[in-house]
Amino acid sequence: MEYLVDIALLLLLVTVAMAILRVRDLYAGAMLFAIYSLLSAGLFAALDAGDVALTEAAVGAGIATLLFLAVLTLANRRERPARGNNRLALGVVVATGACLIYAAGDLPDFGAPDNPVQVHVAPYYIENAYTDMGVPNMVAAVLASYRSIDTLGEAFVILTAGLAVVALLSVPPRRRRRAFSGPCRRTGERRMRENGILRVIARFVIPMIMLFGLYIQFHGEYSPGGGFQAGVVFAAGWILFALVYGLDAALKVIPERVQYVLACLGVLLYCFIGLLGVLLGGRFLDFYPLLESPHAAQQTGIVLVEFGVGVTVAACAMLFFTFFARRKREIEAVEAREDD
Amino acid sequence: MVESVLQVLSWVFLLTGGVFGIIGGIGLLRFPDFYTRLHAAGITDTLCALLIMAGLIIQAGLGLASLKLALILLFLLFTAPTATHALAHAAMVDGVEPELADGSDDPQSGEH
């Protein structure tokens, strides 16, 4: 029975991937990407990987789609078809694919108990995570404590991505872009914003989204969740507010400057906890010296480190949205000046 | 006895939910214009989700899982119709005209 679910999900994944390749309308492409992410999240859930499923649903289907749509307000709706002869590219792709399929024959069997991945460090984690840290969600223990330097690197990757977007989009737009908007886009936006139903429902839903974000942030030790998912969910609540009430109102709640500071503070909190371990006589990102009781020390360290990740992820996601949303207004201002 | 009644009830809910999902999908493919398609999709969002969730709640029995499912159901009941409404409203604001049976292109809903 479970095989049937897996097979159905995988077939749908392949179908959606084909559709993404063929579709030329970028809005439809963004939506198909969201469906693809939801399907993979379902597949992860079917494999009992709750944390990964939650991440895929929150990041892939949630925030990534929102950011795609924000970018598409700046771009043409349709993909420009590629010209010319692509036989060389086809040859390279076919050769690479053939090599990969050949190499896949040497991979160990899927899910076999003597796979390297099952006999390397995983047995140690599975046997000792709970006695070492008293954290029921093993994924949180591995992510934030055993492998906390990897996670620090991931937090820095997110911060770097945020900085890259800021650096790229801080350059003021210069030339006129080709027309990409419908005739009444401005008034259309206003009329959507004045829609009472959306405002009321948003007012009801946004606090719930933020509460849920806090729940998966601080419940991540016990159930699937953690800093990455929580940060994204929290940012999604803020972005929903910006979509319904306007970017200006949203920037009044969390100003851009605060977003910068938070993005850096999250990573700094992470590093600070790591250095605290050194100062108290342990190693970098060693949580045991933090408190007397080893379990309490580990849990404190994990919660604080995850909180740092959550703050950085949320602030960076908000920064992405702020910059993409404001870019459109800057371009329109340039166009208005050129029209005068 | 109660056990089997609940099982049957839950499967009836799940299956009718699935049937409504399929009907919504067929409608989505076969209806002529945006608004009627949205109508079909709206049924999948509300009735189908409601029935499937109800079936799953019965399957889960009283407990934390069924409480969480009930909360998801509550949120779906708020967000799904809102999403449908937002889509329809956006289409109207953008000037998508419904296709009328008599072929005239003059719906009073264009601007008001």
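Note that the structure is a prediction, hence the values are computed from the model and not measured. Letters A, B, ... mirror the listed sequences (proteins, then strands); counts begin at 1.
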Non-hydrogen side-chain atoms of [X] and [Y] separated by less than 4.5 Å:
X       : Y       : answer
A:Tyr36 : A:Ile20 : yes
A:Phe68 : A:Ile63 : no
A:Leu32 : A:Met18 : no

Between B:Leu6 and B:Trp11, is a side chain to side chain contact (heavy atoms under 4.5 Å, CB included) present by the stated rule, with each step listed? CA-CA 8 Å; B:Leu6 280 182; B:Trp11 277 104; over 6 Å; no
Please give me the minimum heavy-atom distance between [X] and [Y], naming the atom from each residue.
X       : Y        : result
A:Thr65 : A:Gly60  : OG1-O, 3.5 Å
A:Leu11 : A:Thr15  : O-OG1, 2.6 Å
A:Val23 : A:Ala28  : CG2-CB, 3.8 Å
B:Ala86 : A:Leu198 : CB-CD2, 3.6 Å

Stepwise, does the side chain to side chain contact (heavy atoms under 4.5 Å, CB included) test hold for A:Leu69 with A:Met31? CA-CA 9 Å; A:Leu69 292 180; A:Met31 289 300 139; 3.9 Å; yes
Verify, without hydrogens or angle tests, whether [X] (side chain) and [Y] (backbone) share a donor-acceptor contact under 3.5 angstrom.
X        : Y        : result
A:Asn137 : A:Val139 : yes
A:Gln299 : A:Gly134 : yes
A:Tyr245 : A:Arg199 : yes

Please say whether the positively charged group of A:Arg326, taken as NZ for Lys or CZ for Arg, lies over the ring of A:Phe324, i.e. under 6.0 angstrom from the six-membered ring centre and within 45 degrees of the axis. no
Side chain, backbone, both or neither: which part of B:His89 has a heavy atom under 4.5 Å from chain A?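 Both backbone and side chain.
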For A:Leu21, I'd like to know if atom CG has over 12 heavy atoms of other residues, nucleotides or ligands within 6.0 Å. yes
For residues 40-48 of chain A, give me every residue with a non-hydrogen atom less than 4.5 Å from any non-hydrogen atom of chain B. none
For chain B, which residues from residues 206-241 of chain A lie under 4.5 Å away (heavy-atom distances)? A:Met208, A:Tyr215
Check step by step if side chain to side chain contact (heavy atoms under 4.5 Å, CB included) holds for B:Met53 and B:Phe13. CA-CA 8 Å; B:Met53 284 289 176; B:Phe13 276 147; over 6 Å; no
Residue by residue, scan residues 18-43 of chain B and write down, ordered by number, those that have a heavy-atom distance under 4.5 Å to chain A; if none do, write 'none'. none
For chain A, which residues from residues 70-82 of chain B lie under 4.5 Å away (heavy-atom distances)? B:Phe75, B:Phe78, B:Thr79, B:Thr82
In plain terms, say whether A:Asp248 and A:Arg329 are close enough for a salt bridge, that is, a side-chain N and a carboxylate O under 4.0 Å apart.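 Yes.
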Working note: B:Leu14 + B:Leu56, criterion side chain to side chain contact (heavy atoms under 4.5 Å, CB included); need CA distance, chi angles, decisive distance, verdict. CA-CA 7 Å; B:Leu14 287 174; B:Leu56 286 179; 4.2 Å; yes
